[in-house]
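Right, I'll just put the structure down here and ask away after.
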Amino acid sequence: MNLFRLFGDLSHLASIFILLQKIQSTRSCRGISFKTQALYATVFITRYLDLFYEWVSLYNFTMKVFFIASSCYILYLMKYKYRPTHDPSIDTFRVEYLLGPCVVLALLFHYKFSIPELLWSFSIFLEAVAILPQLFMLQRTGEAETITTHYLAALGAYRALYIPNWIYRYFTEDMVDPIAVTAGLVQTALYLDFFYVYFTKVLQGQKFELPA
Amino acid sequence: PLAHPEHDEL
C-alpha cells in the first residue's frame with residue numbers, strides 16, 4: 001500500500017458517498033446514468049468474486065464488500081425507490097457496444113485462461129469505459145447539478161491517483177500489471193474533457209455548462 | 001515481474 005493508492009481508494013469511497021448524498025438530498029437520481037451504475041455493479045461483481053476464496057487483507061476484503069453492496073444499493077435506489085425521477089429517454093448509450101468489445105478484449109488479453117481470470121480482465125476493461133453512458137448523458141443535456149460534478153470529479157481523481165501508484169510500485173516493488181495500467185490510462189483519459197470544465201467552471205463557483 | 005501480477009489492487 002502506498003499513499004497514492006490509499007488516497008485513490010478513499011477518493012473512490014468519497015465518490016460513492018457523494019452520489020448517495022446527491023440522491024438522498026435531492027430525492028432524485030436525475031442526471032445520473034442508470035446504465036453507468038449498472039456497469040459498475042457488473043464490474044465489481046465480476047472482479048471481486050475472489051472475495052470468497054482469496055484473502056488479501058482486511059482492508060481489501062472490506063472495500064470489496066463495500067463496493068459490491070453500495071453499487072447494488074444504488075441500483076435499487078434508481079430502479080425502485082426513485083424510479084420516477086429517472087428518465088431513460090436521455091440515458092441512451094448503447095451498452096452492448098461496450099460489453100461486446102470488453103468480452104473480446106478479455107479473451108485476447110488475460111493472465112491465465114480460467115474463469116476468474118477472464119472475468120477479472122473483463123472487469124478491468126469494462127471499468128475503463130463504464131463511465132461513457134454517464135459522460136454521454138452529460139454531453140446530451142449540456143449541464144449538470146454541482147453535486148453530480150463532484151461525484152464525477154472524485155471518481156476521476158481515484159483513477160488519476162492510480163497512475164502515480166503504478167509508477168511508484170514499478171520502482172519500489174518492480175511490479176507492473178500491463179492490463180490494469182493500459183485500461184487505467186484509457187479510463188483516466190476519458191475524464192480529461194470533464195476535468196477541464198470542472199476546474200475552469202465548477203471550482204470557480206459557476207454552474208457546469210457545456211458550450212452550445 | 002510481468003508474469004501474472006497479484007490482484008491486490010481494487
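A note on names: the letters A, B, ... follow the listed sequences, proteins ahead of strands, and every chain is numbered from 1.
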* To do: Would you indicate whether A:Tyr168, at its atom OH, is surrounded by more than 12 heavy atoms from other residues, nucleotides or ligands within a distance under 6.0 Å?
  => no
* Asked: Just wondering, more than 12 heavy atoms not from A:Ile115 lying within 6.0 Å of its CD1?
  -> no
* OH (A:Tyr59) with more than 12 external heavy atoms under 6.0 Å -> yes
* More than 12 heavy atoms of other residues, nucleotides or ligands under 6.0 Å from OH of A:Tyr53: is that the case? -> yes
* Does any heavy atom of chain B fall under 4.5 Å from the side chain of A:Tyr162, the backbone, both, or neither of them? -> side chain
* **A:Trp55 versus chain B, the contacting section by heavy-atom distance below 4.5 Å** => neither
* Kindly indicate, with the supporting measurements, whether the criterion side-chain contact (heavy atoms from CB on, under 4.5 Å) is fulfilled by B:Glu9 and A:Asp177. => CA-CA 10 Å; B:Glu9 291 180 349; A:Asp177 183 336; 5.6 Å; no
* Determine, stepwise, if the pair A:Glu54 / B:His7 fulfils side-chain contact (heavy atoms from CB on, under 4.5 Å). => CA-CA 10 Å; A:Glu54 194 122 312; B:His7 302 320; over 6 Å; no
* To do: Give a yes or no on whether A:Phe7 atom CZ has more than 12 heavy-atom contacts from other residues, nucleotides or ligands under 6.0 Å away.
  => no
* Under 3.5 Å donor-acceptor, A:Arg47 side chain and B:Leu10 backbone -> yes
* Asked: Quick one: what part of A:Tyr48 sits under 4.5 Å from any heavy atom of chain B, side chain, backbone, both or neither?
  -> side chain
* Whether A:Asn60 side chain and B:Asp8 backbone form a donor-acceptor pair below 3.5 Å -> yes
* Go through A:Lys112, A:His12, A:Met63, A:Glu117 and name the one with the most non-hydrogen pairs under 4.5 angstrom from chain B. => A:Glu117
